[in-house]
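Everything below concerns the one structure shown next.
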There are 2 protein chains.
Amino acid sequence: MTRQLKQTEKSPQRNVRKRRREIVDAAARVFAERGYHGTSTQDIADLLGMRQASLYYYFDSKETALEEVCALGAAGFVEKAEEIVRNGLPAQKRLCQLLAAHIAPLDHRADYTRTFLNERKWLPMESRRKVGRMSRRLEAIFERVIREGIRNGEFRNDLNPRMTTLALLGMMNAVSTWYERESIPLDRIAELFGDLALNGARNTDAD
Amino acid sequence: MTRQLKQTEKSPQRNVRKRRREIVDAAARVFAERGYHGTSTQDIADLLGMRQASLYYYFDSKETALEEVCALGAAGFVEKAEEIVRNGLPAQKRLCQLLAAHIAPLDHRADYTRTFLNERKWLPMESRRKVGRMSRRLEAIFERVIREGIRNGEFRNDLNPRMTTLALLGMMNAVSTWYERESIPLDRIAELFGDLALNGARNTDAD
DNA sequence: TGATAATTCTATTGCACTATAGAAAAATAG
DNA sequence: CTATTTTTCTATAGTGCAATAGAATTATCA
């Protein structure tokens, strides 16, 4: 009896997990659309056809839902990047892969990534620091690839790894703000951005 | 008498304009800090040491204050750019000047530019379209300089002017999110970003 | 089926917020 | 000094919101 109860409390049933995830999905959608402060828990419930108060069976607070959305959003960026950084390819190639991998979730996980990018600043201290650490992990990956490229001569040795990282991430993150308006496929964006980052705009054929 | 009254209504006294501007300044500050939906009119009043209701002597609504902040924020970006685009210098030089001019207000008008960049999406239709037009004017300036650079051979002819513009603006706008943390002067950022945009990361001295 | 647990519901509390009304106070002008 | 205008104030209406309490419903399982 005690065991049964404990198990129920500690590891929620499959159905609870599933429903919880549906709610997080809905939250991500409205948070991305109207911002955290601009959405009411009623908005989330409406999207699911359930009552506002019923949400509190799954979440302690609106803030908790934001934490979950942001954590998933951040994870979507970091996971693939950690794979790429270790794959042993040339730094140029890895950098392009990092750019492509960073753009991808801006599309197929748009609600999560947009919420992570724009709304994480409203998280309470503790969880804000947590997603902050994930951000820094991602930045460190970019910096590491750039440093390795400089060391082995693929990249210019006067490159500032930190600023280059921030420039590239800013360039990529902004995609989420305009790519719905601009009719251009994501892989083409990745291609063009990779080329711009590696070669710049200047025409080197000129005399 | 009628003349006197009309004058009072149509062109507010110097003091009214001045006080109005103080309120807009305060609004910009809290909007930038806590977001539009995250700030109350009480927050704005607190910053000025006045009563919340007194704000309504100068503004019809919180929304009106946001409109004014965003309009000023947008103007700060466009004005200098329109000067630069016509100055007849080589496209490479003009592009670097555009980048530097775009970074500048992110510092000395930080509250206005951050509010413009992050909060304009909450504006009502009409004024959102108005600041949208200003954004497009700025983008058009970047695109024009890039096209001119391609035509005269300064830039690679396979450059995509639209995507390059969006890449560069994204890169620059992101500065507002991190430059307070990173201890690096703005002119150095402009220098590094200009160099990256023109020359890319690749080491062209390598064999 | 009937008992127990899981899930969703109705109803409500209490608070924070925008905006308005009109009085009070301060500034300005005759 | 008095009258008038400008500015700020107090007080409050009205709304929307997050969160809680506890009843009703639905699912699970012996």
Side-chain angles (χ1 to χ4, degrees), chain A residues 1-24 26-27 30-31 33-69 119 122-124 127, chain B residues 1-24 26-27 30-31 33-69 119 122-124 127:
Chain A
M1 161 211 147
T2 324
R3 192 162 308 168
Q4 191 67 7
L5 259 180
K6 263 190 186 162
Q7 213 229 6
T8 301
E9 281 166 20
K10 292 246 171 180
S11 69
Q13 262 83 358
R14 181 153 208 79
N15 285 338
V16 173
R17 280 180 178 275
K18 206 170 145 191
R19 191 79 172 124
R20 219 181 130 91
R21 182 52 179 265
E22 286 172 2
I23 293 171
V24 176
V30 288
F31 287 164
E33 186 76 15
R34 314 180 195 187
Y36 176 68
H37 292 299
T39 80
S40 66
T41 52
Q42 185 66 64
D43 294 333
I44 302 173
D46 286 348
L47 214 61
L48 294 158
M50 78 194 300
R51 300 287 157 159
Q52 178 261 345
S54 303
L55 296 172
Y56 288 81
Y57 180 72
Y58 297 94
F59 287 92
D60 287 348
S61 67
K62 190 180 152 190
E63 225 170 44
T64 310
L66 180 65
E67 287 176 358
E68 205 140 322
V69 174
E119 312 302 325
W122 315 126
L123 286 172
S127 45
Chain B
M1 158 212 146
T2 324
R3 192 162 307 168
Q4 190 68 6
L5 259 180
K6 262 192 188 160
Q7 213 229 5
T8 302
E9 280 167 20
K10 291 246 171 180
S11 68
Q13 262 84 357
R14 181 152 208 79
N15 285 337
V16 173
R17 279 180 177 276
K18 206 170 146 190
R19 191 79 171 123
R20 218 181 132 91
R21 181 51 178 265
E22 285 172 4
I23 293 171
V24 175
V30 288
F31 287 163
E33 186 77 16
R34 313 181 195 186
Y36 176 68
H37 292 299
T39 79
S40 65
T41 52
Q42 184 67 64
D43 294 333
I44 302 173
D46 286 349
L47 214 61
L48 294 158
M50 80 193 301
R51 299 289 158 158
Q52 177 263 345
S54 303
L55 297 172
Y56 287 81
Y57 180 73
Y58 298 94
F59 287 93
D60 286 348
S61 67
K62 188 181 153 189
E63 226 170 43
T64 310
L66 180 64
E67 288 177 358
E68 205 139 324
V69 174
E119 312 302 326
W122 315 127
L123 286 172
S127 46

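The analysis underlying the following values was restricted to heavy atoms, covering all of them including side chains, and did not include hydrogens, waters or symmetry mates.
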Could you list all N or O pairs between the protein and nucleotides 16-20 of chain C that sit under 3.5 Å apart?
from   : atom 1 : to      : atom 2 : distance (Å)
C:dT18 : OP1    : B:Thr41 : N      : 3.3
C:dT18 : OP1    : B:Lys62 : NZ     : 3.2
C:dT18 : OP2    : B:Thr41 : N      : 2.8
C:dT18 : OP2    : B:Thr41 : OG1    : 2.7
C:dA19 : OP2    : B:Tyr56 : OH     : 2.6
C:dA19 : OP2    : B:Lys62 : N      : 3.0
C:dA19 : N7     : B:Gln52 : NE2    : 3.1
C:dA19 : N6     : B:Gln52 : OE1    : 3.2

>> What verdict does the side-chain contact (heavy atoms from CB on, under 4.5 Å) test give for B:Thr39 and B:Lys62, after you've listed the backbone C-alpha separation in whole Å, the side-chain angles of each residue and the deciding distance to 0.1 Å?
In response: CA-CA 10 Å; B:Thr39 79; B:Lys62 188 181 153 189; 4.2 Å; yes
Distance, rounded to the nearest Å, where [X] contributes [atom1] and [N] contributes [atom2]:
X       : N      : atom1 : atom2 : value
A:Phe31 : D:dA18 : CZ    : C1'   : 12 Å
A:Arg17 : C:dT7  : CZ    : P     : 13 Å
A:Asp46 : D:dG16 : CG    : P     : 13 Å
B:Glu22 : D:dT7  : CD    : P     : 12 Å
A:Met50 : C:dT10 : CE    : P     : 12 Å
A:Arg20 : C:dT8  : CZ    : C1'   : 17 Å
B:Lys18 : D:dT6  : NZ    : P     : 18 Å
B:Tyr57 : C:dA21 : OH    : P     : 16 Å

>> So B:Phe59 and B:Glu68, do their side chains get closer than 4.5 Å, heavy atoms only?
In response: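 A side-chain contact exists here, since the closest heavy-atom pair is under 4.5 Å.
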> Which value, rounded to the nearest 0.5 Å, describes the distance between B:Arg21 atom CZ and B:Lys18 atom NZ?
Replying inline: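 Between atom CZ of B:Arg21 and atom NZ of B:Lys18 there are 12.5 Å.
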> With sequence neighbours left out, what residues match B:Thr41 under side chain to side chain donor-acceptor pair (under 3.5 Å)?
Replying inline: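 Partners of B:Thr41 under the side chain to side chain donor-acceptor pair (under 3.5 Å) test: B:Gln52.
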>> A:Met50 vs A:Glu22, test: side-chain contact (heavy atoms from CB on, under 4.5 Å). Steps then yes/no.
In response: CA-CA 12 Å; A:Met50 78 194 300; A:Glu22 286 172 2; over 6 Å; no
>> If you count every heavy atom of other residues, nucleotides or ligands that lies below 6.0 Å from B:Arg20 atom CZ, does the total exceed 12?
In response: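 Above 12, so yes.
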> Can you name the nearest heavy-atom pair linking B:Ala27 to B:Val69, along with the distance?
Replying inline: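 Answer, listing the atom of B:Ala27 first, then B:Val69: CB-CG2, 4.3 Å.
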> What pair of heavy atoms forms the shortest contact from B:Arg51 to B:Ala45, and how long is it?
Replying inline: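 Result for this residue pair: C-CB, 3.8 Å.
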> Taking the side chain of B:Arg51 as its heavy atoms from C-beta onward, which of D:dC9, C:dA6, C:dC9 lies nearest to it?
Replying inline: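 Nearest listed nucleotide: D:dC9.
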>> Heavy atoms only, 4.0 Å cut-off, all strands: where does B:Tyr58 land among base, sugar-phosphate and nothing?
In response: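 Contact class for B:Tyr58: sugar-phosphate only.
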I'd like a table of atom pairs between the protein and nucleotides 25-30 of chain D - only N or O on both sides, under 3.5 Å - with the distance next to each one.
none

>> Test side-chain contact (heavy atoms from CB on, under 4.5 Å) on B:His37 and A:Tyr36; report intermediate values, then the result.
In response: CA-CA 9 Å; B:His37 292 299; A:Tyr36 176 68; over 6 Å; no
